[in-house]
Amino acid sequence: MDGVVVEARELVVELGGTPRAGPATFTVKKGSVVVVAGPNGAGKTTLLKAIAGLVRDVKGELVVRGTPIYIPQSDLLLPWKTLLDNIILPLTVKGVPRREAVERAQRVSKLLGLTEHLEKYPRHASGGTRRKAAVARGLVMGADILLLDEPFTGVDVAARAALIDMLAGLVLGGLSIVLVTHDLYLASRIADRILVLMPPPQGVVEAFDLSGMDRSGRYRVAEKVVSMISSPG
Amino acid sequence: MKEKLRGTLGYLVAVGVFLAIWHLLSSFSGILPGIVPSVSYLVGNLDIALSDTVITLENTIAGFALALALSLALAWLASLGGFVEDVVKSFNVLVQSVSALVWALLFLIIYGFTSRLPAISVAAATAFPILLSGTLKGFEVARSEYGELSRILGLTRIGEFLNILAPASVPFIVASGRSALGAALRISVVAEAFGASGGIGYRLWLYYQLHDYEGFMAWALLLVTLMVVLDKVVLERLEAWSRKWME
């Protein structure tokens with residue numbers, strides 16, 4: 001399909017032979033944001049990992065076009081490295097010369113508003129800055145599809161808004177995002193679609209299209225999703 | 001500040017107790033020299049003391065470095081998991097079960113007397129299981145914390161070892177290294193005593209055989225001082241630094 005970067009059809013992700021997510025049928029268009037919402041244990045993280053190729057035990061059909069990079073809930077920044085060295089790590093381990101890696105990291109950091117924090121160690125950076133650094137590390141890897149797992153956890157309110165703005169900017173640049181979050185009101189601001197995922201065997205029970213909606217329309221959808229998740233019956 | 005002061009005071013009291021025991025042993029035995037003659041003996045033979053200290057430190061550090069290299073290699077092998085991990089862990093238990101005296105005599109049989117190799121090898125054999133246990137624990141924790149990052153970055157086993165496992169294990173390696181170096185220093189002098197031509201252990205044995213008890217106690221004091229200085233000045237600071245490494 002033209003312009004589609006992820007295509008899942010009756011996708012079921014298994015761990016140790018037990019279904020952990022799905023069945024799920026959905027597509028992610030290039031330059032769009034798909035939010036995956038659902039109760040704990042629905043398999044949201046497992047679904048992201050399957051798209052990233054980190055979990056390979058899948059049934060059904062899953063086509064991924066481009067480079068998906070999974071950014072986990074804990075940012076996994078190495079505490080003994082500066083933010084800059086964390087960002088360039090995927091490049092230096094692949095043998096990219098440091099100078100070239102730093103140039104790439106600086107370009108991405110400028111885009112994300114990280115430049116002034118690059119020499120900091122993770123322990124000296126705020127939650128929002130650490131998140132941005134984790135995203136920057138994904139971007140220098142040449143990500144076309146960012147798979148973000150609870151990116152707002154541990155981030156203060158102001159930084160959450162800045163993160164959302166940053167993600168909106170990336171989408172305008174052609175990046176596709178699949179976002180797992182419990183903060184649906186915030187995510188609805190940039191979401192093109194919201195998938196409601198329930199634990200197997202239910203899987204994706206609803207998909208809301210938000211494109212073209214104004215902010216109040218988006219909040220109404222978010223409200224509906226929240227009520228579906230809190231009273232799944 | 002208050003805690004630091006209390007710590008220093010505690011240390012001074014411990015030194016006082018130690019010296020009091022020495023004084024009591026000296027008074028009751030009638031043979032062992034007191035503190036003052038031993039210290040003046042040491043001061044009077046500073047050149048020999050210095051040369052023995054250098055030899056003992058060289059033996060210990062060489063053995064420690066050997067044990068560290070071996071521990072890292074085996075911990076990496078164990079990180080492959082499965083049967084290899086079981087073998088490495090069991091091997092560690094076996095090595096741990098061998099007495100330091102057995103190691104000392106064994107290496108003397110292998111390398112012969114007057115060589116420095118027995119002292120180095122004994123230091124390595126003593127430090128090795130302590131270091132390996134710490135390194136294995138470090139790798140285990142690093143794997144649980146950063147294993148997902150390795151997969152995301154698509155790291156090879158070697159890449160994971162160099163970029164994640166080894167650096168993330170630094171606090172564990174340093175903490176176990178502190179105990180390992182202390183043990184290696186204490187034990188390497190035993191090998192020096194049995195078959196070497198220099199070092200603190202050699203001199204201790206020599207003075208004992210010559211019934212030169214002032215020299216014996218002076219060199220015992222030298223060994224204790226060396227261990228305390230090494231621990232307080234180098235290892236304790238290194239451990240504090242390594243804890244910050246992972247914050």
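In what follows, chains carry the letters A, B, and so on, assigned in the order in which the sequence lines appear, proteins first and then strands, with residues in each chain numbered from 1.
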Interface moiety of A:Leu147 toward chain B, non-hydrogen atoms closer than 4.5 Å: neither
Part of A:Ile71 lying under 4.5 Å from any heavy atom of chain B: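 Neither part, no heavy atoms under 4.5 Å.
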Greatest number of heavy atom pairs closer than 4.5 Å to chain A - which of B:Glu148, B:Glu145, B:Arg151: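 Most heavy-atom pairs within the cutoff with chain A belong to B:Glu148.
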Listed pairs under 3.5 Å, donor-acceptor, residues 91-105 of chain B side chains, sequence neighbours left out:
{"residue": "B:Asn92", "atom": "ND2", "partner": "B:Ser133", "partner atom": "OG", "Å": "3.0"}
{"residue": "B:Ser97", "atom": "OG", "partner": "B:Val93", "partner atom": "O", "Å": "2.6"}
{"residue": "B:Ser99", "atom": "OG", "partner": "B:Leu101", "partner atom": "N", "Å": "3.0"}

Within-4.5 Å side-chain heavy-atom neighbours: A:Leu78 and B:Leu149: yes
CD1-CG distance between B:Ile164 and A:Leu76, expressed to the nearest 0.5 angstrom: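 With rounding to 0.5 Å, CD1 (B:Ile164) is 8.5 Å from CG (A:Leu76).
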Atom pair CG (B:Leu153) and NZ (A:Lys94), whose distance is rounded to the nearest 0.5 Å: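 If I round to the nearest 0.5 Å, the distance is 7.0 Å.
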Residues, nucleotides or ligands: over 12 heavy atoms within 6.0 Å of A:Lys81 NZ: yes
Within 6.0 angstrom of A:Lys120 NZ, more than 12 heavy atoms from elsewhere: yes
For chain B, which residues of residues 48-63 of chain A have heavy atoms nearer than 4.5 angstrom: A:Lys49, A:Leu54
